[in-house]
Amino acid sequence: AQSVTQLDSHVSVSEGTPVLLRCNYSSSYSPSLFWYVQHPNKGLQLLLKYTSAATLVKGINGFEAEFKKSETSFHLTKPSAHMSDAAEYFCVVSDRRGSTLGRLYFGRGTQLTVWP
Amino acid sequence: EAGVAQSPRYKIIEKRQSVAFWCNPISGHATLYWYQQILGQGPKLLIQFQNNGVVDDSQLPKDRFSAERLKGVDSTLKIQPAKLEDSAVYLCASSLRGEQYFGPGTRLTVT
């Protein structure tokens, strides 16, 4: 079975400081992992994805995540937070059957607040 | 390219009433999904279509929820009758080669 645990429901940082959003996953198959961002009243937007290539994945807006199989983790980081990064972030896992992605399983989300 | 369109954006109904949501996916995307996102939780898949056929509806409460995608393009999700616990954001997504693109959602409040 696939599942995702986002270890923090809320994270607050000051503008210009690093961001760390933590995610642990469980998967019975070779997983694909994603981070999505959701700004108020907007649709979910894909930040980055891991699908079995390089374990360090770079995404949009300066975000990156590292797949660590031994720790079953896929933490999201950014060196320097910007006010526009304030949003809800979702870690997502999907199993892969060959080249086909299975159902997406979302974590409960982490609300990121950025203080000026 | 245009994104996934959904309407209405907001809907308030009383319990036991019926409601319908509409989704227009990105042109050419064969796969369409409906998700339910309850406040404070991540989205949960309700139903997945491949063209006009259902691939996965295992988490759809079929006693009150129904969905169709008759011509393999637009889709409608219906709730009849609505319950208080159906209050949520209903998200539509579409995909071509696995990556899902989400619409802005319909926020449903059941009073």
Side-chain angles (χ1 to χ4, degrees), chain A residues 1-10 21 23-26 29-53 57 59-60 74 76 87-111, chain B residues 1-11 21-26 29-51 53-60 88-109:
Chain A
Q2 282 63 246
S3 68
V4 165
T5 301
Q6 291 186 243
L7 299 168
D8 307 290
S9 59
H10 291 87
L21 305 183
C23 172
N24 286 110
Y25 71 91
S26 173
Y29 303 93
S30 297
S32 289
L33 292 155
F34 310 79
W35 277 97
Y36 279 84
V37 61
Q38 188 175 38
H39 288 93
N41 298 316
K42 293 190 177 180
L44 287 156
Q45 180 184 20
L46 181 65
L47 275 180
L48 49 79
K49 61 182 177 182
Y50 165 78
T51 55
S52 83
V57 181
I60 61 172
F74 190 59
L76 181 70
E88 186 95 24
Y89 291 79
F90 292 94
C91 183
V92 182
V93 65
S94 174
D95 58 46
R96 277 180 294 114
R97 317 289 177 91
S99 61
T100 303
L101 274 180
R103 181 190 300 177
L104 298 186
Y105 295 85
F106 284 76
R108 296 177 69 90
T110 298
Q111 181 66 46
Chain B
E1 64 180 5
V4 176
Q6 291 188 247
S7 68
R9 293 294 311 276
Y10 305 91
K11 190 74 176 179
F21 313 126
W22 173 81
C23 173
N24 185 17
I26 293 173
H29 282 196
T31 311
L32 185 147
Y33 313 79
W34 282 102
Y35 289 85
Q36 181 192 56
Q37 185 177 14
I38 293 173
L39 186 65
Q41 299 181 20
K44 181 186 79 171
L45 180 69
L46 291 174
I47 189 168
Q48 176 184 345
F49 290 94
Q50 181 72 20
N51 295 309
V54 175
V55 174
D56 183 353
D57 64 355
S58 58
Q59 299 194 97
L60 186 73
V89 176
Y90 291 84
L91 297 167
C92 180
S94 68
S95 71
L96 180 59
R97 282 182 287 273
E99 180 175 330
Q100 295 187 27
Y101 295 83
F102 287 80
T106 297
R107 183 176 298 276
L108 173 67
T109 301

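Proteins come first, then strands; the chains are lettered A, B, ... in the order of their sequence lines, and each starts at number 1.
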Thr31(B): partners by side chain to side chain contact (heavy atoms under 4.5 Å, CB included), with sequence neighbours left out = Tyr33(B), Gln48(B), Gln50(B), Ser95(B)
May I ask you to name which of Lys44(B), Arg9(B), Gln6(B) has the most heavy-atom pairs under 4.5 Å with chain A?
-> Arg9(B)
Tyr36(A) portion near chain B, given a 4.5 angstrom heavy-atom threshold = side chain
Identify which part of Gln100(B) has an atom lying under 4.5 Å from any heavy atom of chain A, answering side chain, backbone, both or neither.
-> both
Which distance, rounded to the nearest 0.5 Å, do you find between the SG of Cys23(A) and the CZ of Phe34(A)?
-> 12.0 Å
Contacting region of Gln38(A) [heavy-atom separation from chain B under 4.5 Å] | side chain
For the side chain of Thr110(A) and the backbone of Asp8(A), is there at least one donor-acceptor N/O pair under 3.5 Å apart?
-> yes
What part of Leu44(A) lies closer than 4.5 angstrom to a heavy atom of chain B: side chain, backbone, both or neither?
-> both
Who passes side chain to side chain contact (heavy atoms under 4.5 Å, CB included) against Thr109(B), sequence neighbours left out?
-> Ile12(B), Thr111(B)
Is there a donor-acceptor pair under 3.5 Å between the side chain of Thr106(B) and the backbone N or O of Pro8(B)?
-> yes
